[in-house]
Amino acid sequence: MEKPSTLLVHFDKGSAAMAGEIKADLEGSDVAAKVDAMKRAVMLLLNGETLPTLFITVVRYVLPSEDHTIQKLLLLYLEIIDKRDAAGRGLPEMILICQNLRNNLHHPNEYIRGVTLRFLCRLSEPEVLEPLVPSILENLDHRHHFIRRHALSAISSIYRLPHGDQLVPDAPELVERALASEQDASARRNAFLMLCACAQERAVAYLLSNADRVAEWPDLLQMAAVDLIRKVCRSPNRADKGRYIKIIIALLSSPSTAVVYECAGALVSLSSAPTAVRAAANTYCELLSSQSDNNVKLIVLDRLNELRTSHRDVMVDVVMDVLRALASPNLDVKRKVLDLVLDLLTARNVEEVVLYLKKEVVKTQAGELEKSGEYRQMLVQAIHACAVEYPEVAGSVVHLLMDFLGDTNVAAAVDVVLFVREIIETNPKLRVSMIQRLIDTFYQIRASRVCSCALWILGEYSLSLSEVENAISTIKQCLGDVPFYTVSEEGEATDSAKPAQPVVNSVTVSSRRPVVLADGTYATQSAATEAISTPSVAPGSLSSTQNLRSLILSGDFFLAAVISCTLTKLVLRLEEVQPSMVEVNKACTGALLVMTSILQLGQSSYLPHPIDNDSYDRIVLCVRLLCNTGDDVRKVWLQSCRQSFAKMLAEKQFRETEEMKAKAQISHAQPDDLIDFYHLKSRRGMSQLELEDEVQDDLKAATGGFTKDADDANRLNRILQLTGFSDPVYAEAYVTVHHYDIVLDVTIINRTKETLQNLCLELATMGDLKLVDRPQNYTLAPESSKQIRANIKVSSTETGVIFGNIVYETSNVMERSVVVLNDIHIDIMDYISPATCADVTFRNMWAEFEWENKVAVNTVIQNEKEFLDHIIKSTNMKCLTPPSALDGECGFLAANLYAKSVFGEDALVNISIEKQFDGKLSGYIRIRSKTQGIALSLGDKITLKQKGGS
């Protein structure tokens, strides 16, 4: 992130004594002293000093010097000094240097000639340049390419001056002739660029006449040719577009990766034919696999994503080529690749994609990759998305992913168990095998959240007798012996497990602490857990098979409540599938024993924190339910919960479908648009690519693909008035916000009858904004206008302010006049856009982000949903809370909003409001982000907009 910084450098201001020292050194014969004096003079001039008396000394004593360093410093000095007077006329003393420059242009040393020609490229005074033109033209035929290269640049810069065509009237012909015979790559490029800028028809003729040899050109010249083709094809008359496309396709085989990249982008902009798009996509894929720079990979992936938005059908064919980029070790590249591939899934390629992702998951299991846990989590999420959209592929990966339920990366394990939960509901055919696999791997789970979700799956989807019995048995094994602790008289420890022993099969770990009983006597309280050990593991690092027991003994009573609910569901279902009531009663008794043991543990003093009220009430409810079960209650526990989950999945699918429809581009053709019947055209000489391009253009015209109604409609909304109508200078700005910069197109109108001289638009910024261009001076005729463009770089998502004034001079008033401009406030809404993320991701970011801005609700709106809609519209954010959760009139509303900035920053908003008795809304809006700027800017925006204003 680029931040402004201040560096204090000590430098003595110029004085008469210092100017005298420099003058004395320049008049001396010591070359080293002259070099040092010239350096000091250049530094003083750069720091704002004028040194008016030094010019004559430089002309007399420095111009004749033959030293290369002095000559180079001399040219820097001549470039810096003012060459015009206050009226804008050239200084007469500048004629004194013309003879020296002419001598340098005929100097036998190539370096002196070259740097002089390069200096002339920066001169704009016709009085100085006019006598030098013949000497410049003579250097076009010099034997050394260094001189010819800079001579062509000098001619180009002179010809582009306001009256340059009078100084060198035959410049295009001379440059074209030099281009035909030139062999140096840089010189040819300079000549070609001059023709492109000043005589485009000659450049086009040269390009088309050498179309068969363009692939043999040097890469510098090829890049210039690509730029010319782009510029030419923007014009309405594109009769030779087919020939240009052939040149671009020929350049795709260039050995230069920069040329290949530019050609791919130019090809897509020139043609929408499937053949052209496919060639560009293949080129991007080759760059993606051949380039090792991660920044290049990210840029290429952005270009591929742009192709996907407009040519998805063609991009589907290169999915496997894109997937090869997963070999990159960078997680950002992997994430972009997976996002792109998921948008290109079809029923035809989904099996290949899932198989490739499955192989990548196996690689992460082998531990060969860095950050394998995070990468595995991304792969699980990608496979999850594939399986949800195409359920038929779930069976090939779900069993492999279930091996990662015990992953040390908790986030990856949570993604796996959520994937299992959704697939087991949407794929009934896989239910039996998935339940059996979950029972077999349940003891490996170590995370509480994963255990909770896995227990819910066992309770809801264990339907047969064997599944129910195996599930109950597995849960009891993971819980171990009950009760969880024993109490005995002091000195008599009656533990159900023995002290830890370094044996192969099992080991028991017990802990004791003294407690005071109700009657005042002392007793010893102990808790025991059992674990499996192996000969290769030390006794101090043994891993427990009783994962549920260890989690409960750590104080996780929410998990204990989930265990109680799961056992209750399993016992109730056992009553339906087990004909023997003896077995049912036995299972019910065992479940009740577990629940009462949990309650006993929670109310004991063994753990530092007692059981919470919610978990206690839930477990007591389960105990009462098993003791007395009614049909209505049984229906709620065994059917309603699963039905609610199925409804939630259906709503999620519907919401995603609606979002896809909203993103789809809706185009309409105008009724009076021209219809071009390409079938009636003459096809003589047209290639297959040109025919395809004609068809695609007709389709776009018919469907409105060329229309830009939205841009035209919003254009007037971005015009800001900067000055008043009564000011002598009227100014207004059209603001265009790109991703990383802001462009101000300022229109300035001289409303007076006088000529405004040295008119300058001075701008300054506040916030993370930075001016790119330095202001320039202009001369504005009476009642005329001027378009000035200012570029401002944006470095973060933060509301910024642009302010400034217009300064000008007139012939009647000696002092400069100033017109103060209205401030331009850059809105944060230009940088953020609605986005979606999973609830788990939202919660993780909410816990991680440190910047929070809390805004109290203060609005005249009295309806909760209306207020929520108003905030969503004002902040340009996406509501992650499903509509079903917002239904009803309960007087309370809580919703989560999410957006993402163009810089990749996340903006999280939580709205919690309630309706008071007087009908007003109260509550808070909390904003969290990783950076301070976005939190403060969003808070200011919400504070401004929440009252219901526009």
Side-chain angles (χ1 to χ4, degrees), residues 714 717-718 720 735 737 766-769 796-803 822-837 839 842-843 845-901 905-950:
N714 293 330
N717 296 333
R718 295 186 176 275
L720 303 175
V735 183
V737 179
M766 181 182 298
D768 285 340
L769 305 176
S796 72
T797 310
E798 184 176 347
T799 300
V801 181
I802 303 172
F803 55 92
N822 290 333
D823 295 344
I824 302 175
H825 293 268
I826 303 303
D827 197 351
I828 187 179
M829 296 302 104
D830 294 323
Y831 304 122
I832 67 173
S833 57
T836 58
C837 68
D839 291 339
F842 186 91
R843 293 192 190 98
M845 289 190 293
W846 187 269
E848 176 187 351
F849 291 169
E850 57 184 3
W851 289 104
E852 177 174 310
N853 190 2
K854 193 174 183 180
V855 180
V857 173
N858 181 18
T859 180
V860 296
I861 302 174
Q862 296 188 353
N863 184 274
E864 304 96 317
K865 293 181 183 176
E866 183 182 346
F867 178 74
L868 174 63
D869 294 337
H870 176 70
I871 293 297
I872 292 173
K873 182 179 178 181
S874 302
T875 57
N876 195 28
M877 302 188 78
K878 173 75 175 177
C879 182
L880 299 183
T881 306
S884 59
L886 302 174
D887 289 342
E889 299 291 339
C890 62
F892 297 90
L893 186 144
N896 294 330
L897 310 182
Y898 179 65
K900 207 172 184 65
S901 74
E905 301 168 320
D906 301 289
L908 313 179
V909 173
N910 173 260
I911 300 177
S912 299
I913 54 178
E914 65 173 323
K915 200 168 190 177
Q916 301 293 332
F917 294 108
D918 56 359
K920 294 183 179 180
L921 298 180
S922 65
Y924 291 96
I925 302 172
R926 291 193 295 167
I927 307 152
R928 286 197 182 183
S929 66
K930 188 175 289 187
T931 57
Q932 181 185 18
I934 193 169
L936 294 178
S937 301
L938 262 182
D940 295 341
K941 184 74 175 180
I942 291 174
T943 303
L944 180 66
K945 294 286 188 178
Q946 68 169 327
K947 290 188 177 182
S950 57

Please tell me if the side chains of Phe892 and Glu864 come closer than 4.5 Å, counting only heavy atoms from C-beta onward. no

If you compare all heavy atoms of Cys837 against all heavy atoms of Met845, which two are closest, and at what distance to 0.1 Å? SG-CE, 4.1 Å

Contact summary for Thr881 and Asn896, nearest pair of heavy atoms: OG1-N, 3.0 Å

Mind checking what makes side-chain hydrogen bond (donor to acceptor under 3.5 Å, both in side chains) contact with Asn853, not counting sequence neighbours? none

Working to the nearest 0.5 Å, report the span between CD of Gln862 and CG of Asp918. 8.0 Å

Whether His870 side chain and Lys865 backbone form a donor-acceptor pair below 3.5 Å: no

State, with a plain yes or no, whether a side-chain heavy atom of Ile824 is found less than 4.5 Å away from one of Asn822. no

If the condition is side-chain contact (heavy atoms from CB on, under 4.5 Å), which residues does Ser833 pass it with, not counting sequence neighbours? none

Donor-acceptor contact below 3.5 Å, side chain Arg926 vs main chain Asn910: no

To the nearest 0.5 Å, what is the distance between CZ (Phe867) and NZ (Lys915)? 13.5 Å

Can you tell me which residue among Leu908, Leu897, Thr875, Ile942 is in a side chain to side chain contact (heavy atoms under 4.5 Å, CB included) with Ile927? Ile942

Rounded to the nearest 0.5 Å, what's the gap from CD1 on Ile913 to NZ on Lys920? Could you check? 15.0 Å

If you take all heavy atoms of Lys941 and Ser874, which pair is closest and at what distance? CE-O, 3.7 Å

Tyr924 six-ring centre to Lys854 NZ/CZ under 6.0 Å and within 45° of normal: yes

Minimum heavy-atom separation for Leu880 and Phe842, please, with both atom names. CD1-CD1, 3.5 Å

Mind checking whether Leu921 and Leu893 have side chains closer than 4.5 Å, heavy atoms only? no

Side chains of Val857 and Ser922: does their closest heavy-atom pair fall under 4.5 Å? no

For Lys930, what residues pass the side-chain contact (heavy atoms from CB on, under 4.5 Å) criterion, not counting sequence neighbours? Glu848, Phe849

When rounded to the nearest 0.5 angstrom, what distance separates NZ in Lys945 from OG1 in Thr859? 13.0 Å

Sorted by chain and residue number, the side-chain contact (heavy atoms from CB on, under 4.5 Å) partners of Asp839 (sequence neighbours excluded) come out as Arg843

According to salt bridge (Lys or Arg N to Asp or Glu O under 4.0 Å), who are the partners of Lys900, at least two apart in sequence or on a separate chain? Asp906

Could you walk me through whether Tyr898 and Val909 pass side chain to side chain contact (heavy atoms under 4.5 Å, CB included), step by step? CA-CA 6 Å; Tyr898 179 65; Val909 173; over 6 Å; no

Start with the C-alpha gap between Met877 and Ile872, add the side-chain angles, then the distance that decides, and say whether side chain to side chain contact (heavy atoms under 4.5 Å, CB included) holds. CA-CA 5 Å; Met877 302 188 78; Ile872 292 173; 5.5 Å; no

Taking side-chain hydrogen bond (donor to acceptor under 3.5 Å, both in side chains) as the definition, give me every residue that meets it alongside Gln932, ordered by chain and number, with sequence neighbours left out. none

Residues Cys879 and Leu868: closest non-hydrogen pair is SG-CD2, 4.5 Å

How long is the gap from CG on Leu936 to OG on Ser929, to the nearest 0.5 Å? 8.0 Å

Given the rule in the side chain to side chain contact (heavy atoms under 4.5 Å, CB included) test, do Ile832 and Ile934 qualify, once you have shown the distances and angles that lead to the verdict? CA-CA 10 Å; Ile832 67 173; Ile934 193 169; 4.3 Å; yes

